[in-house]
Each structure stands twice: as C-alpha cells, then as structure tokens.
Protein chains: 2
Amino acid sequence: MPTATPVLGLRERNRLRRTRRVERAALELALEHGVDHVTVDMICEASDISPRTYFNYFGTKEGALIGPAPSVPDESLIEEFLHARGPLAEDLMLLMARSFLATAPDRDIFVMRRTLYAREPALQALQMTRMVGKRQATVELVMRRMAEQLPDLTETEARDEAQLVMSVAMGAFPVVSRLWIEESGDESEVEAYIHEAIARIRRIVSP
Amino acid sequence: MPTATPVLGLRERNRLRRTRRVERAALELALEHGVDHVTVDMICEASDISPRTYFNYFGTKEGALIGPAPSVPDESLIEEFLHARGPLAEDLMLLMARSFLATAPDRDIFVMRRTLYAREPALQALQMTRMVGKRQATVELVMRRMAEQLPDLTETEARDEAQLVMSVAMGAFPVVSRLWIEESGDESEVEAYIHEAIARIRRIVSP
DNA sequence: GTCGATTATTGCAGTCTCTGCACTTTTGCG
DNA sequence: CGCAAAAGTGCAGAGACTGCAATAATCGAC
C-alpha cells in the first residue's frame with residue numbers, strides 16, 4: 001500500500017528540483033554581476049538547461065529571480081476570508097500572508113531574493129507589477145465579502161471602497177514583512193504584526 | 001522688448017511638438033490594435049520619426065504610452081509641503097497632485113491614456129513601477145518633514161511610518177483621480193477629494 | 001546673413017529577449 | 001516491453017534596445 005502522503009511523481013519531483021536549481025543559479029549570478037549583466041544564456045549554462053526550457057519554466061528573464069507568481073489562494077483560505085468578521089483590511093492581509101506562506105519557499109532562495117531586491121529596487125517593482133495583475137481578482141474578492149456585510153452600497157462606492165482596502169493592505173505589507181523577518185520569522189506572530197501595522201495607519205489618518 | 005513669458009527656443013518647441021505627435025500616434029495605435037500588436041516601427045512610421053530617435057525620447061516601447069516620468073516636484077512645492085501643518089498623508093497627496101498638475105498634460109492625450117490604462121492594466125502597473133523609482137526620494141521627503149514635527153522617533157520607526165504614509169497616499173490616489181475626472185475636473189476641488197478619500201480610509205481601518 | 005560650435009537626429013550593426021513549430025527524449029502505465 | 005502523453009530541445013525569426021559614427025539642424029557671435 002502506498003504511503004498516505006501525496007507523494008509527487010517523478011515528473012513533479014524533477015520539475016521542482018530543476019526549478020530550484022535554476023532559481024539558485026540565477027540569483028547567484030545576479031548577486032555577483034548585477035541583473036543587467038546576466039543573460040538568460042548565462043543562467044542556462046550555469047544550471048544546465050536549454051534556453052527554450054528556461055522560458056517554458058519562467059516566461060521572462062526575471063522570472064527565475066522574482067520567483068513564481070503568487071498562486072491563487074486556496075479555496076479554503078478564500079472561504080475563511082469571506083466569512084471572517086474581523087476588520088476587513090486585517091483579514092485581507094491575513095489572507096495574503098497565509099497564501100504566501102503556503103508556497104513554502106526555500107529559505108536560502110528566499111534570503112537571496114530579499115538581498116537582491118534590496119540591491120535592485122527595479123526587481124521589487126517588477127514583482128509588485130505582477131501582483132497588480134492579481135489586483136482585479138482581489139478587488140472582486142473584497143467586494144464579494146463587502147456585499148454580504150454592507151449590501152447597501154452602490155457599485156461604484158463598493159469598488160472604491162474595495163480598492164482602498166486593497167491599497168491599505170498592500171501598502172502595509174512591506175512593513176509586516178520586515179517585522180516578520182527581523183523580529184521572529186515565526187508564523188504565529190504574523191497576526192500581531194498585521195494588527196500593529198494597521199494601528200499605525202489608523203494613527204496616520206487620524207485627524 | 002520681448003514678451004514677459006519665458007518663450008521657449010525653437011529647439012524646445014520642436015521637441016515638445018514632436019513628443020506630443022509621437023505620443024498621440026502611439027496611443028491611437030495602441031487603442032486600435034492593442035499594445036502587443038503595436039511595434040515601435042509602426043509608431044515611428046505613423047509619427048514620422050526614426051526608431052533611434054524614438055528610443056532617445058522615450059527609452060522603451062511603452063514610454064510614449066505611459067507618458068513622461070513624473071518630474072521631481074518644484075522646490076517651492078516641496079518647501080510648502082515641508083512646512084505645512086495639515087494631516088501628513090493629505091499634505092503629501094496634495095504635493096503629488098500639484099506636481100502632477102504642474103506638468104499640464106494635453107487633455108486629449110490624458111484621456112486616451114486613461115482609456116488605455118483601463119483596457120490594459122499591465123500598462124498602469126508599469127507606470128506604477130516607474131513611480132516606485134521615486135519611492136525612495138518620497139520616503140526621504142516625508143521623513144524630513146516628520147523629523148521637524150516628531151523628532152523623538154528612531155530611524156527605523158520613522159522609516160516605517162514614512163513608508164506607510166506614502167502607501168496610504170499612493171493607494172488613495174486612484175480614487176482621487178477618478179473623483180476629479182468624473183465629478184468636475186476642477187483643480188480647486190482636488191483638496192476636497194483628497195479629504196474625502198482619507199476619510200474613507202479612516203473608516204476602513206477603524207476597529 | 002555667415003560661420004563655426006553645439007546639439008539633435010539618424011542609420012547601421014549587433015546583442016538580447018522571447019515565441020512558434022517541429023523534433024527528440026523522458027516518463028507513466030498497461 | 002512497448003505505446004501514448006508529457007516534457008525538453010534546436011532552430012529560425014521577430015522585435016526591443018544600445019553604441020557608435022555620420023549627418024543635419026540650431027544657436028550665438030560677428
């Protein structure tokens with residue numbers, strides 16, 4: 001009888017191993033030479049993969065540097081968000097944080113990535129750009145939850161409101177991330193950090 | 001005696017005229033065919049300019065679509081911001097709005113741009129990306145003002161705080177922009193719209 | 001106006017990113 | 001094993017972008 005854990009097939013395991021090898025190679029090269037002085041061919045040579053396959057995996061030159069696109073959050077996480085009754089912005093941030101943590105990135109790759117982001121802000125901007133792609137979907141999600149709790153808003157009002165909620169959440173995210181990394185790195189603390197960040201925003205916008 | 005207005009030299013005027021011609025051509029093409037199906041060569045053909053010159057002007061294919069990078073705000077505007085004593089986030093938004101308005105973009109180009117953004121969110125993301133380039137500078141600015149008013153913060157606290165202020169301001173910006181365009185388009189109203197947007201954020205983060 | 005100096009525009013050659021397509025190799029499975 | 005599906009690869013080519021050198025337009029002094 002096979003093990004109960006959903007063991008990945010050979011294909012999946014190969015793919016994962018390869019992905020990590022390429023990401024690691026790309027990050028090392030970028031940290032050493034700077035992003036602009038690294039070519040896809042260099043990455044491919046270093047990680048023993050064909051350029052064509054590289055693009056099949058990552059799509060763009062920067063793909064291996066900024067990591068996989070944030071996956072659509074789990075159905076269960078979404079459900080939880082929709083039915084939660086905490087402060088909206090905090091619940092949304094919790095959703096974002098949890099779906100990020102669910103990707104369980106390699107620790108060393110994660111650290112290299114952060115170092116690189118600090119050195120090359122353009123990359124971080126790129127990643128943000130990609131997140132904006134999810135923007136529409138996220139706004140819809142927030143609107144769905146608002147519809148259940150505040151059904152007396154017009155479409156436009158609701159959309160504005162949802163956009164603002166998302167902006168607040170995304171804006172507070174870097175601060176939460178910094179706290180999380182520097183203070184503990186413990187997942188259970190995330191909720192507290194989120195609360196803290198939102199409280200600061202409240203002070204900022206208080207008259 | 002020459003006129004009192006600082007009349008531009010022939011060079012400047014040519015450059016401005018050319019820029020607008022290219023931007024208009026690029027926007028028309030993008031609105032008609034979609035950004036991906038427009039090539040730089042097409043834009044150059046339509047606006048009677050050499051591709052090399054195109055890149056000298058705009059740097060990237062999208063440059064003509066998203067418009068010139070937001071210039072560093074006027075010294076006088078910065079001074080005003082630093083010494084204003086209104087709510088920090090609102091003053092910052094006012095600074096942003098005023099330095100945008102100072103660029104006095106063509107009305108029709110402005111409208112085309114907005115239409116295109118709505119149709120192709122990736123472009124808007126790009127523009128946001130470029131703004132992030134100014135992020136560092138803006139954070140410094142906010143910190144300078146905070147230093148005068150709240151001198152008892154540690155460096156890290158101050159930086160977090162400044163980042164949050166900027167996030168709030170940038171997040172609220174689209175809403176203000178929408179209000180401004182749809183409601184009146186009158187510059188004198190901007191302040192009221194900003195106030196309104198901040199008030200909404202306050203409600204959002206209120207427990 | 002003319003002329004030399006400055007600045008802008010352009011053509012060209014070349015590099016790099018990225019894509020479609022056809023072909024080969026690897027993997028999963030009966 | 002042997003066959004079908006999936007993944008990896010090579011190749012040709014389009015398109016974005018850059019450095020450099022040549023050309024053209026503008027400016028400022030005379």
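Within every chain, numbering begins at 1; the chains are lettered A, B, ... in the order of the sequence lines, protein sequences first and strands thereafter.
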_Axial cation check for A:Y193 ring with A:R178, 6.0 Å and 45° limits_ = no
*Between the side chains of B:R18 and B:T53, does any donor sit under 3.5 Å from an acceptor?*
no
*So do the side chains of A:E80 and A:R98 get within less than 4.5 Å of each other, counting heavy atoms only?*
yes
*Could B:E155 and B:R159 be called an ion pair, given the rule that one side-chain N must be under 4.0 Å from one carboxylate O?*
yes
*Among residues 37-66 of chain A, which residues get a heavy atom nearer than 4.0 Å to DNA chain C?*
A:V38, A:T39, A:V40, A:R52, A:F55, A:G59, A:T60, A:K61
*Report the distance from atom CG of B:D36 to atom C1' of D:dA14, rounded to the nearest whole Å.*
14 Å
_Test item: B:R200 side-chain N/O and A:E161 main-chain N/O as donor-acceptor pair under 3.5 Å_ = no
*Nucleotide C:dT9, atom P - distance to CZ of B:R17 in whole Å*: 12 Å
*Test the A:R15-A:Y57 pair against the cation-pi criterion, namely NZ or CZ under 6.0 angstrom from the six-membered ring centroid and within 45° of the ring axis.*
yes
_Presence of B:N14 side-chain N/O under 4.0 Å of C:dA8 phosphate oxygens OP1/OP2_ = no
*Once you round it to whole Å, what is the distance between P of C:dT27 and CG of A:L16?*
15 Å
